[in-house]
Amino acid sequence: MSESKIYPVPPAIAATAHINQARYQQLYQQSVKDPDGFWAEQAQEFVTWFQPWTRVLDYNYGPDEVYIRWFEGGKLNVAYNCLDRHLEKRGDQVAIVWESDDPNVDRRLTYRELHTEVCKLANVLKSRGVNKGDRVCIYMPMIPEAAVAMLACARIGAVHSVVFGGFSPDSLRDRILDSDCRVLITADEGVRGGRHVPLKKNADHAMAECPDVTTCLVVKRTGNAVEWRDGRDIWYHDAMAGASDQCAAEPMDAEDPLFILYTSGSTGKPKGVLHTTGGYLVFAAMTHRYSFDYQDGEMYWCTADVGWVTGHTYIVYGPLANGAKSLMFEGIPNYPDMSRFWQVVDKHQVNIFYTAPTAIRALMRAGEAPVKQTSRASLRILGSVGEPINPEAWEWYYHVVGDGRCPIADTWWQTETGGHLITPLPGATPLKPGSATQPFFGVVPALVDATDGTPIAGAGEGALVITRPWPGQMRTVYGDHQRFIDTYFKQYPGYYFSGDGARRDNDGDYWITGRIDDVLNVSGHRLGTAEIESALVLHSAVAEAAVVGYPHDIKGQGIYAYVTVMAGITQTDELKRELVQLVRNEIGAIATVDIIQWAPSLPKTRSGKIMRRILRKIAANEISTLGDTSTLADPTVVEELIAHRANQ
Ligand code: WT7
């Protein structure tokens, strides 16, 4: 395997970094040779405990029984760690800088102010009957109250389930019901790119089918009229006005649940990924400090939405646990114009900037001018997350945005992993454009043959698995532990299976090749093909549907649907539009089908299984490498689909 360019660690970065090359080697060795000793030290360094643990790690990786327990017996509170313990030293330092959609509006909350808000909301939640262990749903725009809501839950031991504000009423309903949330926190409307998002209206639709929701707290963001149900609906500011700002942080067991976050799998409905308290916080804080080499006093900006795990770990919990200044952005990269990101960087003197390849590619299209009209001199470190970053986008990010000065942390991880698992460290790791490079401390990745599970030594390519637990690992699928076992521990016994494929080069650097299960990654967002298919077949004109991903210039992957209509139905463009709208309504705007191809029938094996491998090839226009079609029940189906390919 010939290797690409290598960018050595800039000496200026290495000189001041928390972790340099020698330190990485030393700590990594310790982390795998003496994991208990290593993690005990980290847990002491990064987290304040009310009571120490009695055992660092206890686990079983299956195949039949799976459990993972970190820092058992330890007691702590996440909100205490993110707020209270900072008050003495940095109570008046900014915790959250909020940049609104409108470039002329921003807001700063100090640690003390954030603490006060969180205590008040915690009391409001208690007064509405929320107890330790109860689930609270948060369906919010990118405003500081979203972080306040998460931390208020953490303070009283309630388990939050944040649902991304772009999800549809039906998706919200399903998530509320799955985890039996009785309280919903939302806003009247969200604002993105000058447009309003009807959050309360969506919530009303969802709540119409969630009779157990007894409280809906509504933040007034735009002040436009919303419908109201007295008794259930309460203005956030009204409730807060009467609330006490004194609220003790509940001592939680290390393994008490902290949050649930739904994510798409290859089959069925989204899974409620459950994260717990102690291990998650240790891992969030540690990865935030080391992956980005966060230095005290720096301004840090992660552009994700709090509705995704990136927002949980790297806008809220990691940065605040470290006493950082975390910038929260309500808007989008191209509003009011294509230089918005870089203007915000200059305005707030951002030192560390973390975004997704899809955003980089979209901005790259607009050329260098919108970037070069800004200074960006404050930038020190760049980050990438969500999907493999293609070398071309990497180079542009490095040279044009970072002026060839800022290391890029290409962080590979997942909702399930809680934090970074494979990533370069700015002061320690030479960079290769497109490679996530080396494992984080304590993480032992491996490659196995995707078909038979045989371990691959040295350079090679296969399914990416992790051989032992790390503290930020998910603990279960909420309400369905068997699904947790089946999804992650059955296919390759003894390992956690990520669902991704990867290549390892001669230097031991990892190159993630993307999902090898039926999960799509559209603009860095995960979507199950099964979910989209289920939405399509709801339409009375549709007999059958099969969905695959195909390479898309900006989104990484686009959504390609093969649809078979019922006998007697005419295949019109109007029907295509209806189907696109149907899927958006069912799931949300992130699930916008890019291409629909009418399929007289779908390629199936003799046992009736749809051969997606072939459908993926046709969608990607890789007709010459279709592979073996001899096992198909009717090979002529493939000829027909190729002849009428929609993606010409
Ligand atoms: C999937 C996880 C992790 C937060 C955002 C997405 C892909 C993520 C990278 C990266 C290559 C990446 C993987 C992974 N992915 N980061 N740096 N390089 N691929 O979280 O929705 O749980 O998706 O995103 O395919 O499995 P998620």
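Just follow the structure's listing: the first ligand is 1, and inside any ligand the first atom is 1.
- In terms of polar-atom proximity, S384 is not counted as a contact of ligand 1, lacking any N or O under 3.5 Å from an N or O of the ligand.
- Distance from atom 16 (N) of ligand 1 to its nearest protein heavy atom, with residue and atom name: G386 N, 3.1 Å.
- The side-chain tip of R289 does not point at the ring of F292 from less than 6.0 angstrom away and within 45° of straight on.
- The closest non-hydrogen atom to atom 27 (P) of ligand 1, taken over E387, R526, H420, comes from R526.
- Annotation: side chain of F440 is not in contact with side chain of Y28 (no heavy-atom distance under 4.5 Å).
- For the pair R361 and E387, the salt-bridge criterion is met [side-chain N within less than 4.0 Å of a carboxylate O].
- Ligand 1 has at least one atom lying under 4.0 Å from a heavy atom of W413.
- We find that R612 and E533 are joined by a salt bridge, their nearest charged nitrogen and carboxylate oxygen being less than 4.0 Å apart.
- Remark: ligand 1 atoms within the under-4.0 Å shell around heavy atoms of T411 are 9 (C), 10 (C), 16 (N), 17 (N).
- Checking only distances, D410 does come within under 3.5 Å of ligand 1, N or O to N or O.
- Ion pairing between a basic and an acidic side chain is recognised when a charged N comes within 4.0 Å of a carboxylate O; D403 and R376 show such pairing.
- Using modelled atom types and a 3.5 Å distance limit, the side chains of Y280 and T313 yield a donor-acceptor pair.
- At the shortest separation from atom 11 (C) of ligand 1 among protein heavy atoms lies P388 N, 3.1 Å.
- The shortest N or O to N or O distance between T263 and ligand 1 is not under 3.5 Å.
- Within the set G524, S264, G556, P357, the minimum heavy-atom distance to atom 6 (C) of ligand 1 is found for G524.
- For W412 and D500, the side-chain atoms include at least one donor-acceptor pair closer than 3.5 Å.
- For G499, the closest heavy-atom approach to ligand 1 does not fall below 4.0 Å.
- E622 CD: more than 12 foreign heavy atoms inside a 6.0 Å radius.
- What sits closest to atom 13 (C) of ligand 1 on the protein, heavy atoms only, is D500 OD2, 3.0 Å.
- Summarising the contacts of atom 22 (O) of ligand 1 with L527, T423, D517, T415, the nearest heavy atom is found in T415.
- A salt bridge links D518 with R616; the closest basic N to acidic carboxylate O contact falls under 4.0 Å.
- Checked against a 3.5 angstrom limit, the closest N/O atoms of I512 and ligand 1 fall outside it.
- Taking any N or O of T310, backbone or side chain, none lies under 3.5 Å from an N or O belonging to ligand 1.
- At a 4.0 Å heavy-atom cut-off, ligand 1 touches V309 through the side chain alone.
- The side-chain tip of R468 does not point at the ring of Y61 from less than 6.0 angstrom away and within 45° of straight on.
- Within the 4.0 Å heavy-atom criterion, the part of N521 lying near ligand 1 is the side chain and not the backbone.
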